[in-house]
Amino acid sequence: IMAERGVDVSALPQEVREQLAELDLELSEGDITQKGYEKKRAKVLAPYLTQTQNLAPPPAYDAQSPGPSSASAPEPGPSNSSSSSSRHRRTRRPHRSSGTRDERYRSDIHTEAVQAALAKHKEEKMALPMPTKRRSAYVQSPIDNCTPPDSSSSSDDEAVSSESAGPQQSPDTWINSSLHGSSTSSSASSTLSHGESRPTQAPQPQSQQVPPPPAPAHPPHSHSQPSALAEAFAQTRIDPVGVGPPDMPSHAQARGSRVDLPSNAVVRGMSRGQSRSSMMETADGVPVSSRVSTKIQQLLNTLKRPKRPPLSEFFMDDQEEIVEVPQADPNTPKPEGRQIIPVKGEPLGVVSNWPPALQAALARWGATQGKSPALTALDITGKPLYTLTYGKLWSRSVKLAYTLLNKLGTKNEQIIKPGDRVALVYPNSDPGMFWVAFYGCLLAEVIPVPIEVPLSRKDAGSSQVGFLLGSCGVGLALTSEICLKGLPKTPTGEILQFKGWPRLKWVVTDSKYLTKPSKDWQPHIPTANTDTAYIEYKASKEGTVMGVAVSKVAMLTHCQALTQACNYCEGETLVNVLDFKKDMGLWHGVLTSIMNRIHTISVPYAVMKACPQSWVQRVHIHKARVALAKCRDLHWAMMAHREQRDTSLASLRMLIVADGANPWSVSSCDAFLNVFQAHGLKSEVICPCATSPEAMTVAIRRPGVAGAPLPARAVLSMTGLSHGVIRVNTEDKNSALTVQDVGHVMPGALMCIVKPDGPPMLCKTDEIGEIVVNSRAGGTMYYGLSGVTKNTFEVIPVNASGTPIGEIPFVRSGLLGFVGPGSLIFVVGKNEGLLMVSGRRHNADDLVATALAVEPVKTVYRGRIAVFSVTVFYDERIVIVAEQRPDASEEDSFQWMSRVLQAIDSIHQVGLYCLALVPANTLPKTPLGGIHISDTKQLFLEGALHPCNILMCPHTCVTNMPKPRQKQPVGVGPASIMVGNLVAGKRIAQAAGRDLGLIEDQDLVRKLCMWPTMMHHFLTEALQWRAQTDPDHTLYVLLNAKGVAVCTATCVQLHKRAEKIAAALMERSGINIGENVVLLYPPGKSHILCPVLVVFERLGQLKNYIGVKVKVTYPWFSPDDLPRKRPPTIYKPPNAEMIAYMDFSVSTTGMLTGVKVRDFSHHLNRFFLVILGSFGEPLTPGGVKFPSHHTSLFRPMSFVKIDVFQKCGIWVNSPHNATEYYTIYGEENLQADHFNTKLSFGDPQTLWARTGYLGFVKRTELTDSSGDRHDALFVVGSLDETLELRGLRYHPIDIETSVSRAHRSIGESAVFTWTNLLVVVAELCGSEQDALDLVPLVTNVVLEEHHLIVGVVVIVDPGVIPINSRGEKQRMHLRDSFLADQLDPIYVAYNM
């Protein structure tokens, strides 16, 4: 750009300017690098640098003058020259007709505001972790070459358009009629202003304690804006995260006693090359991997920044955990004006020659002006294809009406009768066939329902179109022969049954298939009445397609009102660039034109793509007086205006901008005017309007006269708009929105503004509300949907006291706006694009404009961005989905997403919940190529969007989290707690088993009498006695996976096998009494019958952890190699205090414990049963209480009993409690704490053993042996496994069960914590294409069901989560593997 500073581009020769424009377009489309662009540009400008050294700078732009702005001036910018030769580019590459962004939202003023807002963040850099992604996880799918090249980011009729104008002055008033050239305008220039050098890539900031992230795989482009990871959340608003106790010891030495697998074992999915010695230590001494730990530490540093509002302003948590609305900010702007007075349009005039019905007008012109042209259609090159005269239109319509009523079906049973509904299925390229079909239906008094041509069963919104046809009772479809041949068919040649559609009969309406009526047959044309004339389809915000019924009198009255407002005259020529099947294209181009005998020139969408200047040429050739267009058409024509030097628009008296209600349309209007003023276009002919399918035309700017005052502009504060009030933007010019008026109310209509939600209460004069209209020229109902009709078509506004202002019903338009000075109507948005977040309103179009202003050239594919909201945790959350350019790098994408977060937070003061990038051309499309918003939202919620990059930011936008639970004050002692529970009438959570008494089983008594000594002192004696008294009694049954018994073990089998093993130990091992033998067996028959297999290779490893004395030279035992003789004697312990065995187990938290079990623990015990409830299933009571077994519940880490129904730790006092751990290292107090715990109040003498489980006691209707009601013990999980977050305890299995339900591709899942962050690991059972779909679903389900924000989501391959032989997840081993970077994850998402 340095070379350009000394050159006046406007003074360069035409061929040089075209070369510069070619370079600009190549740069904007990514065909050339920034370095190559600057080199070539400098070479082109080099000969002119010395010649222009002494030239004076161009005069400054006067904002008050209506002269050309930067959009049209040939001066300096890349975009100006880009516009100059865009057609030359299109000649070679017509599929790139619109550059790379949606110019409908383009505004130089807004772009500068966004860049200024982003510049504020550069001083507050903070490192943020980029997602970790396996390379195969983001291979983009190929682009569909058949997709229309230009498409909208919000609706089908906004495929690609432009916003363009010059700089904006400081707004002194919010209405300024002289601000003609100072709107929120734009040009086709690049996002950097003229003369501004592009900064180079700045190095990423590094923390002093944490090493920087690894070098990017693809270096960013040299011309990219500096966007270190630190920039993304410089003003992140986060709830302060309480520093609670860590989930694990923070020092490596303390982790020595915690183990889950031998050190040489490798988790499935890990890399064996990763060793723990390569780990680094963070500031707190925790050994972690350098890569993963750096990112986690960066995330933690990010989350330490507090949110702007304090936590106390949000809801408080109560026992029912009901989310409360945050307290209102007293500084929130509120409406202060008086109550609005309904605005009345001018009276609808009465003209003597107006027909009694629209069909009568066609009959009149068909008879008296038969050769007058009614319609001219263009071919793909923009040349006239055919012209339909009024005579031909009348005769063909009559033939179709006669055929429908008399030639379909049999004589006795006609298929179609007056009043039936039929679908009109015609392509946009064939307006003539549609006109004949529409008027043929009107003449036959059949109700036409125009719809789009279906292309496949997978069309976006196809099932919703089927809902429309079903609700309207459509059973017949009219189409052309060419269209019928192009419909998808089954192998048998039949029309495909489209998803959700009713079965249709297809009728071809070409002239050769129609029957000419007899001379005495004439169609019946009654005077216009309230019967339905036609049905226009409308898609709601949720995607539901409904049919708006328009009566015959409403159709006629609307044509009369448009004729009066637009001052239509007989014989005029109208150029229609809009869709002729609905909305303005239908009302003006098909209906009102027939009423006034207007010659309509229809320019289909396909023609606009191939020949974007065709409609301007038609205006020039036919001297058209009126043109119907949208912002996209203005932009396309402006881009090709260099090829139209000889065209003239002086004949236009009215250029109707159909989407003028879009707040961003002002830029397109200004840019188009600036470019084409030199071609005779007058400023007063641009007429924006506001419409809706329900209210039809709400307001339209009347065509002005030369010298009249310029149109009014409103410069509003976006912050005020978000609160629903109108405020002058005097504080932050970056948050300004400039809108233009859409004229006055339609003739004969009454309009007022009501609150968009709740009762239809009239708004105040400075309040934003929904526009409601009372008029004869409007829709009457949603056909077949009486329930939703009342809320839209039968609205009675009320005043502040709730009293209705009248009895006449109003119709909701779905437009949000206000009434300005002079009764001018201003529209700032639509209900369907309204996002209600935390009580504030945001317009989806505004967010799209901000996102597109953040340098989309390198990232966003053709400006295709969708913005919608999803309801998560009692509030709406904003989601932005954009299509990513195929050549965009990971770093560029992450940089763009980070800057979008910054920009939207600064401009709109709202946080994004999710920002996703999908491969190019993969979002569902509307018939005209726009993004189908509702289908995109549905794919997002179903986990079928398949993004290639995603960034979740729940911490910045979820501000209604329950308040963290605080610990109880220290001053309350155990006695006070106990007394308080008793005074409150709460029962103590304690349950006891029945006392040991006489044995009631007589058969067991008989067997006991046969044994001369006490049998229950030792297990060996019991087994010997059972083998003699009941040898064939089956003790164990082994079942296979199908539940079939495959093996059994009787008493005598077990005893004989045990004797042989004892003999082998005595003969071969040489071990002494009291020494230890390790049993390593999987569960099964061998574990029971052959319980002594010593594996000495593993004992050395166990010895390091548990200190068990073993002999490592002992040989292997094989179950098949045992001695045949019995041992000479059976060992009998001298007393019951001797250790019978040790119960070693590894907990899921990594703790290896060895509990001593003595013989007396089994003394005098009969059989017992414990039923523990599954953590993820309904809890099961604890079944039979053990005799002499006492159970109490205590608060964890305390010694005080609690009341029933509270979930606390379970302590047990029983004769068969274990007594101690075998060996303890480092934590000697565990012995007394676990086995010999005493109460600090009440009964301080009884010894209790901690079970490690959490549960509660509940009294049931069952009775025990004494006749009292039974206290059931419910176990909900292990205390060691719980996660402490936000002051609450969570069981991992509960969260994991929710995660597993989130998506069909999630197999196993596991959760753990890392420094107060919740980490979720999910195994992907489907394609890696689904990996990133899981991230938002996992975040949603955990937030909804557990009120927790997931910090990190890790997607791994199946089998990576380690599971031991008991089926338990080894979460701590998984945690260590994750921190050591040994998981080889498919994707790691760091939720900000």
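Reckoned from all heavy atoms, side chains included, excluding hydrogens, waters and symmetry mates.
- A distance-only check finds a donor-acceptor pair linking the side chain of Thr922 to the backbone of Pro919 [under 3.5 Å].
- Thr871 is not listed as a side-chain neighbour of Arg877, based on a closest heavy-atom distance of 4.5 Å or more.
- At a threshold of 4.5 Å between non-hydrogen side-chain atoms, the residues Val1341 and Ile1295 do not count as touching.
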*Audit row: Cys948, Gln884, side chain to side chain contact (heavy atoms under 4.5 Å, CB included) steps and yes/no*: CA-CA 8 Å; Cys948 53; Gln884 177 177 307; 3.6 Å; yes
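- Within the 4.5 Å cutoff, side-chain heavy atoms of Val1338 are placed close to those of Ile1306.
- Side chain of Asp935 to backbone of Gly461: a donor-acceptor contact under 3.5 angstrom is found.
- For the pair Glu1281 and Arg1289, the salt-bridge criterion is not met [side-chain N within less than 4.0 Å of a carboxylate O].
- With Asn1364 contributing its side chain and Gly1367 its backbone, the two residues share a donor-acceptor pair below 3.5 Å.
- For the residue pair Asp846 and His908, no side-chain donor N or O sits within less than 3.5 Å of a side-chain acceptor on the partner.
- A donor and an acceptor atom, one from each side chain of Gln938 and Glu942, are located under 3.5 Å apart.
- Rounding to the nearest 0.5 angstrom, the gap separating the CG atom in Leu1337 from the NE2 atom in His1303 is 6.0 Å.
- Considering all non-hydrogen atoms of both residues, Val1321 and Ile1361 come closest at O-CD1, 3.8 Å.
- In plain terms, the two heavy atoms of Ala1310 and Glu1296 that are nearest each other are CA-OE2, 3.2 Å.
- In this structure, Ser1300 and Ser1309 approach most closely via the heavy-atom pair OG-OG, 3.4 Å.
- A heavy-atom distance below 4.5 Å is not found between the side chains of Val881 and Ile865.
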*Kindly determine whether Arg841 and Leu835 satisfy side chain to side chain contact (heavy atoms under 4.5 Å, CB included), including the steps that lead there.*
CA-CA 6 Å; Arg841 305 169 187 168; Leu835 311 176; over 6 Å; no
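- One N or O on the side chain of Lys937 and one on the backbone of Ser869 form a donor-acceptor pair closer than 3.5 Å.
- Glu1308 meets the salt bridge (Lys or Arg N to Asp or Glu O under 4.0 Å) test with Lys1369; sequence neighbours excluded.
- The two residues Ile1293 and Thr1297 make their nearest non-hydrogen contact at O-OG1, 2.7 Å.
- Inter-residue side-chain proximity for Val1320 and Phe1312 is flagged as unmet; no heavy-atom pair is nearer than 4.5 Å.
- Here the options are Thr859, Val900, Ile904, the test is side chain to side chain contact (heavy atoms under 4.5 Å, CB included), and the partner is Val854; only Val900 passes.
- In this structure, OH in Tyr1290 is found 7.0 Å from CG in Leu1285, a value given to the nearest 0.5 Å.
- Between the side chains of Thr1339 and Asn1391, a donor-acceptor pair is found at a separation under 3.5 Å.
- Side-chain contact, Asp892 with Ser889: a donor N or O sits under 3.5 Å from an acceptor N or O.
- Partner of Val1319 under the side chain to side chain contact (heavy atoms under 4.5 Å, CB included) criterion, out of Val1311, Leu1374, Val1354: Val1354 alone.
- In this structure, Ser540 and Glu832 have side chains that are not in contact, with every pair of non-hydrogen atoms separated by 4.5 Å or more.
- For Arg1375 (side chain) and Thr1313 (main-chain N/O), a donor-acceptor pair under 3.5 Å exists by modelled atom type.
- Lys541 NZ: more than 12 foreign heavy atoms inside a 6.0 Å radius.
- Put simply, the side chain of Asp905 never gets that close to the backbone of Gln909: no donor and acceptor are under 3.5 Å apart.
- The aromatic rings of Phe940 and Phe868 sit perpendicular to each other, their planes meeting at more than 60°, with 30° as the lower class boundary.
- Side chains of Asn1340 and Glu1344: no donor on one and acceptor on the other come within 3.5 Å.
- With rounding to the nearest 0.5 Å, the separation of CG in Asp1376 from CD in Gln1382 is 9.0 Å.
- Partner of Val918 under the side chain to side chain contact (heavy atoms under 4.5 Å, CB included) criterion, chosen from Thr936, Ile950, Leu1332, Leu945: Leu945.
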*Any chance you could lay out the salt bridge (Lys or Arg N to Asp or Glu O under 4.0 Å) test for Arg840 and Glu876, step after step, and finish with the verdict?*
CA-CA 10 Å; Arg840 295 176 58 201; Glu876 290 188 36; over 6 Å; no
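- Looking only at distances, no side-chain donor or acceptor of His1291 sits under 3.5 Å from a matching main-chain atom of Asp1294.
- Between Ser1298 and His1346, some side-chain heavy-atom pair lies under the 4.5 Å cut-off.
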*Just do the side chain to side chain contact (heavy atoms under 4.5 Å, CB included) check on Val1356 and Ile1386 with the steps written out, would you?*
CA-CA 5 Å; Val1356 297; Ile1386 300 173; 5.8 Å; no
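- We find the CD1-SG distance between Ile880 and Cys914 to be 9.5 Å, quoted to the nearest 0.5 Å.
- Under a 4.0 Å N-O distance rule, the pair Lys133/Glu890 qualifies as a salt bridge.
- To the nearest 0.5 Å, atom NE2 of residue His1373 and atom CD1 of residue Ile1363 are 12.5 Å apart.
- Expressed to the nearest 0.5 Å, how far CD of Glu1323 lies from OG of Ser1305 amounts to 12.5 Å.
- The nearest pair of heavy atoms linking Leu1317 to Gly1351 is CD2-CA, 4.2 Å.
- For the pair Ile1355 and Pro1385, the minimum side-chain heavy-atom distance is 4.5 Å or more.
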*asked:* Run Asn843 and Leu834 through side chain to side chain contact (heavy atoms under 4.5 Å, CB included) and show every step you take.
replied: CA-CA 5 Å; Asn843 193 331; Leu834 185 65; over 6 Å; no
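- Glu1345 pairs by the salt bridge (Lys or Arg N to Asp or Glu O under 4.0 Å) definition with Arg1301, not counting sequence neighbours.
- Of all heavy-atom pairs between Pro1358 and Cys1325, the closest is CG-CA, 4.3 Å.
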